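Throughout, a chain's letter reflects where its sequence line sits, starting with A, and its residues are numbered from 1. Values below: every heavy atom of this structure, side chains too, minus hydrogens, waters and symmetry copies. Note that the structure is a prediction, hence the values are computed from the model and not measured.
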Amino acid sequence: MIGGWIGIGVVVLLILMMIGMYNALVKLRNQVKNAWAQIDVQLKRRHDLIPNLVETVKGYMRHERQTLESVTAARQQAINLSGGSVAEQAKAENMLTQTLRSLFAVAESYPDLKANQNFLALQEEISSTENRISFARQFYNDSVMNYNNKIQMFPSNFMAGMFHFKPSESFEIEAPAEREVPKVSFPGGGGS
Amino acid sequence: MFELIRANRRRALVLMILMVALMVGLGYALGGAFLGSPVTGVGLALVAAFFIGIGSWYGGDAMILQASGARRIKHDDHPVLFNIVEEMTIAAGLPKAPEVYIIDADAANAFATGRDPEHAKIAVTAGLLERLNRDELQGVIGHEMGHVANRDILYMTLATVMLGAIVMLADLGVYGVFLGGMGGRRRTSSDGGGQGQMILLVVALALMILAPIFAQLLYFALSRRREYLADASSALYTRNPEALARALEKISSSSVPLPRANRATAGLYIANPLKPSKRGLADLTSTHPPISERVRILRSMAGEAGFAGYATAFSQVTGRTVGVKGLGIIAPGQPDSMPLPAHAEPSLASHGERVRASTDALWRARGYRFIACPCGNTLKAPPDFPKNTVICPNCGREHQVK
């Protein structure tokens, strides 16, 4: 009799544990999905800011038409590829980062532009967006790591196998030199 | 992370029970001394605790912000601060950015409050905005975001309001004993049977003096670890422990006390906001671990920005071999050795720019309207400005006040 009750208790406990593990896996998988979506949100934010920037800068930088055109072209390219593969997308976004970087470098030689409140505000918004993109990637990678660990570790690996939880891929950029981007640096910004 | 949050909820519950017990004890003493019936006192204390509990669940954050003189700001009031808060929200993976508040004070300090991440609030002083550069400010906001993500804010808010209530009740009681004691003495001597009541009064007095101290001890015993954990979270989010270390040094090197902080709210802040002379017993029990120690731990994390990296640095610096669990950190598979990313050149690099930005934010938080005149002057119109137009004193142009 007592043995029976213990048996039932053990089974109930096991079922509860399995439910807990399953829910934890779902939670982590959703976290990975949300983290990925957040990267897209921030990339879009950057795309939206650039026309304003080009508009503000145009009047001051009449001799830098090529720089401005390359920013606009890189933005268009990035938007076109936003539905494409991760590698393509990353390449286009890095291209955009490079062109923005050269735009801000050129802006250094225009003191009038550097005194423009609108330009300064946009510079802060764009550099914050660069930060947001890399923080979103960082959080995505951390989430992927947590999720993949959960899938591979005992005992939740059984649940993962049973319900076909597949490991996710972390966000890596191919060329080692591009690993640190995107972080726009504004030369002469001073500080520490 | 989930384990950690659960542990924090459990601790919050234990703390609340103990705080309520203290309040009941205080009610017993006050009831016995003034109402002639300890049971009535206990009943009243329970009712009060119930309402304080409900009140601080829904309005504790508002109460604390009000008491600290914090005003809410919007993105355009201080874009850099606002952007940093959003950046840290993303780094912590929280669903919604906390509301941002600014406190008009020269002291450099910050705190977070609210009952859950969806209702979180972060407040910083103008002095902090003036002293720290962008990276350092990011470190401090990362620390506050750590309190939000670890659900410390609920515990801290409830405990602060409870502590405030106990301190107030006890002060009231002590005051009452001294006032009532004068008038009551004649009656006691003529009755002759006042000895029992006298003893009760002494016990009540002792309890009234001790209750706030106990409450503070309780609060502080559990709050120190949270500061370490929030530092660890900040390092994890920013991948830049050095910036937080520098920020903490700047905060501790400025000895300006925060006028609106008191014994109850001191535990909320990133660094102890009280004047050294006012600290008294609070310093013995210490709301906050010594800043020098926190800085040394952050500095010895070089290259390892994860929780495990912080735990290793913690044992190295303090010599206490508290594992990851001892710090309240139970997060298997946290990134241990993430490369620290290169950081962008910060906006508001010069001190002058920062002072201007934070003063502007204070004006805007008060509802002043900014009117940029083409002559380069900026006019600030108060919220109750009586006229529709204003004339620039510099060049004589007329502007609409919207």
### Query
What part of A136(A) is in contact with chain B, defined as an atom under 4.5 angstrom from a non-hydrogen atom: side chain, backbone, both or neither?
both
#### Entry: Beyond-backbone contact of Q138(A) with I90(B), side-chain heavy atoms, under 4.5 angstrom
no
### Task
Take atom CE of M95(A) as the centre, draw a 6.0 Å sphere, and report whether it contains more than 12 heavy atoms from other residues, nucleotides or ligands.
no
### Query
Does R72(B) CZ have over 12 foreign heavy atoms under 6.0 Å away?
yes
### Message
For Q152(A), I'd like to know if atom CD has over 12 heavy atoms of other residues, nucleotides or ligands within 6.0 Å.
### Response
yes
### Query
Can you tell me how far CG of N131(A) sits from CD of E86(B), rounded to the nearest 0.5 angstrom?
12.5 Å
#### Entry: Neighbour count above 12 (heavy atom, 6.0 Å) for K166(A) NZ
no
### Contact origin within Q42(A) toward chain B - heavy atom pairs under 4.5 Å
side chain
### Query
Would you find more than 12 non-hydrogen atoms of other residues, nucleotides or ligands less than 6.0 Å from F370(B) atom CZ?
yes
### Summary
Under 4.5 Å to a heavy atom of chain A? For A243(B) that would be neither
### Query
Hey, what do you get for OG1 (T89(B)) to CZ (F139(A)), rounding to the nearest 0.5 Å?
11.5 Å
### Task
Quick one: pull up OG in S127(A) and CD in E87(B) and give me the separation to the nearest 0.5 Å.
7.0 Å
### Task
Report the residues that fulfil side-chain hydrogen bond (donor to acceptor under 3.5 Å, both in side chains) with Y368(B), sequence neighbours left out, ordered by chain and then residue number.
none
### Query
Which heavy atom of Y237(B) sits nearest a heavy atom of F135(A), and at what distance?
O-CE2, 3.1 Å
